[in-house]
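One structure is given below, encoded as structure tokens.
What you are looking at is a predicted structure, and each value in this text was computed from that prediction instead of being measured. Numbering of residues begins at 1 and proceeds along the displayed sequence.
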Amino acid sequence: RAEASEARAEASEARAEASEAKKEVSEARAEALKAKKVLSEAMVEASEAKKELSEAKVEASEARVEASEARAEAAEARQKALEAQKGASEAREEASEARKEASEAKADAAKARKEAIEAKATESNMEANESKTEESEAKTETEPTEPTE
């Protein structure tokens with residue numbers, strides 16, 4: 001009887017230990033499930049991060065293309081500006097030349113006017129002289145000559 005009682009006590013103790021072990025296994029399983037869930041979430045986050053990285057790489061590539069195009073446009077604009085400056089410089093030179101030619105033309109015109117005025121004055125003087133000469137001759141012809149003795 002003592003042995004049976006002792007055996008029952010041992011069995012009871014073994015059942016308590018088994019129950020404790022089952023409880024530990026259950027807790028371990030719960031922790032493993034939590035760990036799996038955390039791992040799954042981490043994998044989802046890693047996948048999203050990879051997707052974001054891929055999108056960022058695409059955006060960076062597009063930005064590099066845009067920057068390259070902008071640099072090309074800027075170079076083209078600089079070239080056009082240089083050409084415009086060259087054109088403006090040539091236009092200024094042409095305008096300066098035109099002003100010089102206009103000034104020379106004005107001087108020529110003034111000289112021609114002066115020569116025309118002088119020519120008219122000379123012509124008027126010549127006409128006046130001719131007129132005086134004609135009057136003088138007319139007087140000489142119409143005056144009676146005194147007989148010379």
Please list every donor-acceptor pair under 3.5 Å in which a side-chain atom of residues 102-126 meets a protein atom from a residue at least two apart or in another chain.
residue : atom : partner : partner atom : Å
Thr122  : OG1  : Glu118  : O            : 2.8
Ser124  : OG   : Lys120  : O            : 3.1
Asn125  : ND2  : Ala121  : O            : 3.4

Practice item. Flag yes if more than 12 heavy atoms outside Glu97 fall under 6.0 Å of its CD atom; otherwise flag no. Key: no
Solution key, residues 64-76 side-chain donor-acceptor pairs under 3.5 Å, sequence neighbours excluded:
none

Check your understanding: Residues in side-chain hydrogen bond (donor to acceptor under 3.5 Å, both in side chains) with Glu83, at least two apart?
Key -> Gln79
Check your understanding: Just how far is it from atom CD of Glu41 to atom CD of Glu48, taken to the nearest 0.5 Å?
Key -> 10.5 Å
Exercise for review: Without swapping roles, check the side chain of Ser5 against the backbone of Arg1 for a donor-acceptor pair under 3.5 Å.
Suggested key: no
Check your understanding: Rounded to the nearest 0.5 Å, how far does CD of Glu24 lie from CD of Glu27?
Key -> 7.0 Å
Exercise for review: Starting at CE of Met43, measure out to NZ of Lys50 and round the result to the nearest 0.5 Å.
Suggested key: 8.5 Å
Study note, to complete from the structure: To the nearest 0.5 Å, atom CD of Glu55 lies from atom CD of Glu52 at 7.0 Å
Exercise for review: Output the distance between atom CG (Leu53) and atom NZ (Lys57), rounded to the nearest 0.5 Å.
Suggested key: 4.5 Å
